[in-house]
Asks: 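Before we start, here is the structure in question, set down as structure tokens.
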Amino acid sequence: MHSKGKSSVWNPEHRAHMADLEMKKVAAYMSPGNRFFAPFYRHTTIQAFMTNSEDTVYQRTRLAMDDVRTAFDLFQTKRDKSRPLIIAGFSQGGLAVVELLKHIDDETYSQLAAAYVLGYKVTKADMAASSHIRPAEGETDTGVTICYNTVKDVKYVLPLIAGSDICINPVNWRTDATPATLHDTITITVAPEHHVLVATNYSASEYPPFRGFLNVGDIHSCEPWLYSECLARNIKVRAKEWIRRRLASR
């Protein structure tokens with residue numbers, strides 16, 4: 001589930017734009033060995049987030065979140081429940097993952113290997129609202145939520161989007177400030193007091209500023225792509241661990 005692109009699910013041009021812009025690219029690294037599903041839903045426009053108002057975002061995303069919940073409930077009626085469940089979303093899609101975790105029942109949660117909230121926040125209030133939101137503590141724990149946001153410096157954190165209360169480094173799967181090297185030259189480090197990732201030796205020039213709101217010191221647009229190899233490996237690790245634990249409990 002993703003956040004940008006056109007928003008009308010009935011407009012063929014908008015659907016094609018979203019499919020080509022994000023869905024196919026994410027599927028290229030998330031789908032091998034898995035059964036990959038990505039619903040189209042009516043996105044809330046970026047202007048809602050640019051208000052920097054939690055109330056405005058809540059009000060304007062209700063329709064989008066209803067679409068996601070409806071799509072997920074239909075998906076669950078058709079899914080092979082003997083397989084591990086992975087949920088992932090970027091930006092507004094990350095918000096949708098948080099809301100889905102609040103929505104699902106305990107039986108569905110028992111099927112969850114992991115939930116990935118990429119480029120959005122998970123707050124203490126979210127965790128208080130649902131026992132299904134449990135922060136990941138390492139590389140192999142299951143039934144957990146992985147959350148991260150990337151900035152060049154902590155002064156660039158966007159509270160509305162990245163003001164998270166949890167964060168894990170998808171390169172070394174640490175929650176402390178132990179640095180990790182990505183692609184030989186980039187250093188990724190958790191800033192524990194801010195719950196964000198700080199990237200050094202990375203220009204992020206492929207992600208130009210968007211309306212003076214995103215990619216201005218934060219590197220919001222990189223979240224599904226910069227760590228794609230790490231995410232692809234970890235999805236397999238957590239799915240395998242979920243299966244191991246399921247078999248061991250029989």
Side-chain angles (χ1 to χ4, degrees), residues 1-4 22 25-26 29-30 49 86-101 112-127 132-183 186-204 206-207 214-238:
M1 293 169 291
H2 312 290
S3 72
K4 291 190 228 175
E22 290 186 354
K25 293 179 181 178
V26 169
Y29 73 85
M30 284 193 178
F49 296 88
I86 301 283
I87 307 173
F90 164 55
S91 196
Q92 188 175 155
L95 169 60
V97 171
V98 174
E99 293 307 308
L100 269 184
L101 291 170
L112 182 73
Y116 294 80
V117 178
L118 315 180
Y120 207 76
K121 63 188 177 185
V122 174
T123 67
K124 291 178 181 177
D126 293 323
M127 291 182 281
H132 301 155
I133 305 175
R134 184 163 61 87
E137 297 180 353
E139 183 179 12
T140 63
D141 41 358
T142 60
V144 294
T145 298
I146 293 91
C147 177
Y148 63 78
N149 291 271
T150 309
V151 296
K152 293 183 178 181
D153 188 282
V154 294
K155 67 183 180 182
Y156 296 116
V157 173
L158 293 171
L160 185 71
I161 293 173
S164 186
D165 288 313
I166 68 171
C167 179
I168 193 167
N169 190 329
V171 185
N172 62 7
W173 299 105
R174 300 286 295 260
T175 58
D176 60 16
T178 302
T181 301
L182 179 66
H183 302 158
I186 303 170
T187 300
I188 305 295
T189 309
V190 173
E193 67 277 20
H194 297 280
H195 305 289
V196 295
L197 304 177
V198 178
T200 55
N201 299 321
Y202 178 49
S203 71
E206 64 268 45
Y207 306 112
L214 297 176
N215 302 331
V216 185
D218 70 288
I219 320 174
H220 181 74
S221 296
C222 84
E223 311 298 12
W225 320 116
L226 184 61
Y227 311 101
S228 60
E229 294 175 4
C230 303
L231 295 173
R233 285 194 299 269
N234 191 246
I235 286 171
K236 289 181 171 59
V237 167
R238 294 186 196 272

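Quick caveat: nothing in here was measured; it's all calculated off a predicted structure.
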Asks: Going by atom types alone, do Tyr202 and Thr150 pair a side-chain donor with an acceptor below 3.5 Å?
Replies: no

Asks: Give, for atom CZ of Arg238 and atom OG1 of Thr142, the distance between the pair rounded to the nearest 0.5 Å.
Replies: 8.5 Å

Asks: Using 0.5 Å steps for rounding, measure from the CD1 atom of Ile186 to the OG1 atom of Thr200.
Replies: 9.0 Å

Asks: Return a table of donor-acceptor pairs under 3.5 angstrom between the side chains of residues 155-167 and protein atoms on other chains or two or more places apart.
Replies:
residue : atom : partner : partner atom : Å
Ser164  : OG   : Val122  : N            : 3.1
Ser164  : OG   : Val122  : O            : 3.1
Ser164  : OG   : Ile166  : N            : 3.2
Ser164  : OG   : Ile166  : O            : 2.8
Asp165  : OD2  : Lys124  : N            : 2.7

Asks: Would a 4.5 Å heavy-atom cut-off, applied to side chains only, mark Leu197 and Pro170 as touching?
Replies: yes

Asks: Tell me whether Lys152 is salt-bridged to Asp218, with the criterion being a basic N under 4.0 Å from an acidic carboxylate O.
Replies: no

Asks: Just by distance, do the side chain of Tyr148 and the backbone of Glu223 share a donor-acceptor pair under 3.5 Å?
Replies: yes

Asks: Starting at OH of Tyr29, measure out to OH of Tyr227 and round the result to the nearest 0.5 Å.
Replies: 11.5 Å

Asks: Taking all non-hydrogen atoms of both residues, which atom of Asn215 and which atom of Ile219 are closest, and how far apart?
Replies: OD1-C, 3.7 Å

Asks: Provide the closest heavy-atom pair for Pro179 versus Asn172 in the form atom of the first, atom of the second, distance.
Replies: O-ND2, 3.6 Å

Asks: Ignoring hydrogens and angles, tell me if any N or O in the side chain of Asn169 forms a donor-acceptor pair with the backbone of Ile188 under 3.5 Å.
Replies: yes

Asks: Please report the C-alpha distance between Val117 and Phe90 in whole Å, then the side-chain angles of each, then the deciding distance to 0.1 Å, and finally whether the side-chain contact (heavy atoms from CB on, under 4.5 Å) criterion is met.
Replies: CA-CA 6 Å; Val117 178; Phe90 164 55; over 6 Å; no

Asks: What's the spacing between Tyr116 OH and Ile235 CD1 if we round to 0.5 Å?
Replies: 5.0 Å

Asks: Does atom CD of Glu206 have more than 12 heavy-atom neighbours from other groups under 6.0 Å away?
Replies: yes

Asks: Would the distance check show the side chain of Asp126 and the main-chain N or O of Ile133 forming a donor-acceptor pair, the cut-off being under 3.5 Å?
Replies: no

Asks: Let me confirm one number: the OG1-CG distance from Thr145 to Leu112, rounded to the nearest 0.5 Å.
Replies: 7.0 Å

Asks: Write down the atom of Lys121, the atom of Val98, and the distance for their closest heavy-atom approach.
Replies: O-CG2, 3.8 Å

Asks: Please give me the minimum heavy-atom distance between Asp141 and Pro135, naming the atom from each residue.
Replies: OD2-O, 4.4 Å

Asks: Enter the distance from Cys230:SG to Ile146:CD1 here, rounded to the nearest 0.5 Å.
Replies: 12.5 Å

Asks: Start with the C-alpha gap between Leu231 and Leu118, add the side-chain angles, then the distance that decides, and say whether side-chain contact (heavy atoms from CB on, under 4.5 Å) holds.
Replies: CA-CA 10 Å; Leu231 295 173; Leu118 315 180; 4.0 Å; yes

Asks: Where the side chain of Arg174 meets the backbone of Thr189, is there a donor-acceptor pair that is under 3.5 Å apart?
Replies: no

Asks: State, with a plain yes or no, whether a side-chain heavy atom of Leu182 is found less than 4.5 Å away from one of Glu229.
Replies: no

Asks: How close do Ala136 and Ile168 get, counting heavy atoms only, and between which atoms?
Replies: O-CD1, 3.7 Å

Asks: So which of Ser228, Cys222, Pro224 actually passes side-chain contact (heavy atoms from CB on, under 4.5 Å) with Leu226?
Replies: Cys222

